[in-house]
Structure formats: C-alpha cells, structure tokens
Amino acid sequence: MDLFDYMREDKMEKESPLASRLRPRTLDEIVGQQHIIGKDKLLYRAIRADKLSSIILYGPPGTGKTTIARVIANTTSAVFTQINATVAGKKDMEQVVQEAKDRMGMFGKKTILFVDEIHRFNKSQQDYLLPFVEDGTVILIGATTENPYFEVNGALISRSIIFELKPLSVEDIKVLIRRAVYDTERGMGAYGADITEEAVGFLADLSGGDARMALNAIEIGVLTTEPSQDGKIHITLEVASECIQRRVMRYDKTGDNHYDTISAFIKSMRGSDPDAAIYYLARMLYAGEEPAFIARRIMICASEDVGNADPQALQVAVAASQAVERLGMPEARITLAQAAAYVACAPKSNSAIMAIDAAMELVGKSRQAPIPAYLQDAHYGGAAKLGHGIGYQYAHDFPNHYVRQQYLPDAYKDMKFYHPGDLGYEKVMKDHMKKIREGED
C-alpha cells in the first residue's frame, strides 16, 4: 500500500457510517455473544490459535456476524476474501477458488472465504463450493439471518460448525451507545455530544437487540441536533424518540421467525398462559401476519390441546375464524384475542389427537381387518342373504341407550384408543361411560 492508498483508506473510514467505524477490530472489543466468543469458548480459542475450520454464523441483523468475520480477518495469518451472495456469481467464486489454489500451491498460505448472506446462494452455487470446503482449498465463513438448516445445503452444514448469535442484551446495547457518543477516535466524541441515561435506556430497549439500529439513531441524533448554549449536543429522551421512530419487528412470513413465533403462540395456549398467548398474538399481528392463518392455528389447538375437556373451545375458535373473515383488521384482533384467551384458559386434554394418531398408526401398519357382518350396511336388497346387519342391536332400545356390543373388528376387539381425562367436561363423559357400562353389567 502506498501513501495515496493509505490516505484514501483513512478518509473512507472517517466518512463511513458510525456503525462501520465502531466495528470491533479485536476479540476483546466485541460486546455480547459471550456464549460463543467467551474466553473459554471454542470459537474464541480457534480464532486465537488461528486454527479455524469452516463455520456458519447465524443470527438476526446487527448482532455481530460481519464483526466476527472482520475480527477473524485481523487475527488470522490466512488471506481473507469476502463476497456477498446477493451479487456474486459463479465466475466470482471460480476466481476466488483459483486464487486460493495458487496461493496454497505457491506459498502454502490458506484462504478464508467470507460469504455474507450465504442463504442467497442457490443450490448449485452452494454445491460448487462444497468440494473446495471439503478439501481445505478455502475455509468458509458463511453469515446468514435465516435458519441455515432451512436455507443451506445439508452437505455444506455437515462440513461446518454452526454458531447462533443472539440479539444483544439491553446492557450490551448501552455499552455500545456510550462508546458511540464519547469515543473520540472512532465515535462521535469529537462533536462534544452528551446523552442522558434516560435516552440511553430508551434506545437500548427499542433497538430490539440490533446494535446497528441503536448506533444509526445516535449518529442521526448527533448530526442533526443543534448545540445548546453550553456548546454541547444533548441527546435527550425527546431527541432519541425522534431518531428511532418505531420498533422494528423481525418477522419473515416464510422464515424461521414465522415458525418460532407461531410455535410459541400455540405452546402458550397449550400451557394455559393467556398472557403469553396474547403477547405472541400481538407480535404476529404487528408484523403483518395473516389473521386467517392465526385463526386456523387456534382452531387446531382447540381440538388438539383442549378437545372434549371443553368442547365449547372449538366452537369459540370456529366462530372467531368466521368473524375474522367478516371483520378484517384491525377489529379482528379483538376476536382473535378472545379466542386465544379462551383456549388458553380452558381445561386441557390431548385425548382426541392421541386416539386418532394411535388408530392411524394401527391402520397404517396392519392389514385391513373385516368389519363385523352385523355392522355392515343392510339398506339394500340382498343384504340379508349376505348376513349383513343380522344380529345388530339398536342401542336406543336398551336402558341408558346403551348395549354391550363389539364394534371393532375381531382382530382388534380389545384395543383402546380414546382415554378421556379427568378435567372439565371430559370427566363428565368419562363418568357417564363408566356409569352406563357398569349399569349394563
């Protein structure tokens, strides 16, 4: 690098966004993610020892995927190459691989290839990298906001270690906010800015674990706020609220955020926690989830997890689904909340799903057993000659409208599929069945 290149690079760094300038250069500067880069953790040790194997960094935006890759670039003796999967084509990858081969052959030097947004590569692009990852031509670092088990080829995953990054904690964000305001070398310290603790807490909370969002808000605040009479730029709660207008909800209707949130919603109803159910409902609605989809999940939960412990739950869920179609948003949110709360608070039983799954398993694994002749249809001419319907006992002709009679095929006559529980209306059903069967005896 000559003097002009150095000056050009230094100028670009000074003019780059705050989030980029504050990006950590060493492992010790990284804030958060201690579950993977703590001093006793595998990734920390591998980076320190320069013994890195292929890895995939998975997590929400602003949690440090690119930061970790850049720290590796500053630490490793290998040549670091970066491409972005949104714009890179096969020729770009071929060039990287060829240069890596030449570098290894001539100088014995390894190449680390950082692929940002690796989930954007299609299957054939991912397949192209596979043999070169396998033979060590390149050490792959993939970064993705999407669940790699959904978006990255299984063969590539099996040859990599996956590290999941978590949203930064509020305390982590506070550290970065203060660093951004007061750091005179790479932060906004040269502007003589000051920030109140109230504003720090507000931005840290509303950033949702996304460091970039918080730092962008700080940069906007400092650059657009006039100095006060004391010559300082004061970032107050009012200024902070103007710089970060609305909490961003990370929610992709086709990605794992979608599945994670609906899973938490269902499990909260199943777990009889109406508050959690309403919270996850709000998250989905806020993010623009289809109300009809949510209504369908409530109906399923009403049968699967409540069942006959409270048959009314299914009626409420079905009525809510119909109401959602007629009302639309925003009024549909009320109906969905009513149904979700009802299902969450209802007594629980999974007897129905256990019964049908057991029966389906038997039917799928066993031969089709003949239906007893006296149960077969007798409403046609000649049925009696075949013995169909003969010997059938009409239940309403007997006390309690019940008569002991075998309804299952002979091969499965002693099988039990439905086991009613002891909660809600299902206990009433259970007691009724016990009573009529004992009365018949």
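Keep in mind it's a predicted model, so treat the numbers as computed, not measured.
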Taking everything shown except [X] itself, do over 12 heavy atoms lie less than 6.0 Å from its [atom1]?
X: I371; atom1: CD1; value: no
X: M360; atom1: CE; value: no
X: M354; atom1: CE; value: no
X: Y149; atom1: OH; value: no

Item checked: Flag side-chain contact, heavy atom, 4.5 Å: I161 against S53 ->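 Touching, per the 4.5 Å side-chain cut-off.
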
Side-chain ion pair, [X] and [Y], N-O less than 4.0 Å:
X: E99; Y: K101; result: no
X: E426; Y: K430; result: no
X: E117; Y: R120; result: yes
X: E197; Y: R178; result: yes
X: E304; Y: R297; result: no

Next item on the list: With sequence neighbours left out, write down each residue that passes side-chain contact (heavy atoms from CB on, under 4.5 Å) with S54, or none if nothing qualifies.
Entry: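 Only V133, I139, L140, S160 meet the side-chain contact (heavy atoms from CB on, under 4.5 Å) criterion with S54.
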
Notebook entry, point to check: Between L423 and K427, does a side chain to side chain contact (heavy atoms under 4.5 Å, CB included) hold up when you go through it step by step?
Noted result: CA-CA 5 Å; L423 293 178; K427 186 178 187 305; over 6 Å; no

Cut-off 3.5 Å, no hydrogens considered: what does the side-chain donor-acceptor table look like for residues 40-49, sequence neighbours left out?
from: Y44; atom 1: OH; to: R48; atom 2: NE; distance (Å): 3.1
from: Y44; atom 1: OH; to: R48; atom 2: NH2; distance (Å): 3.3
from: R45; atom 1: NH1; to: D40; atom 2: O; distance (Å): 2.8
from: R48; atom 1: NH2; to: D28; atom 2: OD2; distance (Å): 3.3

Would you be so kind as to tabulate the donor-acceptor pairs closer than 3.5 Å made by side chains of residues 78-87, with sequence neighbours excluded?
from: N84; atom 1: OD1; to: T86; atom 2: N; distance (Å): 2.9
from: N84; atom 1: OD1; to: T86; atom 2: OG1; distance (Å): 2.5

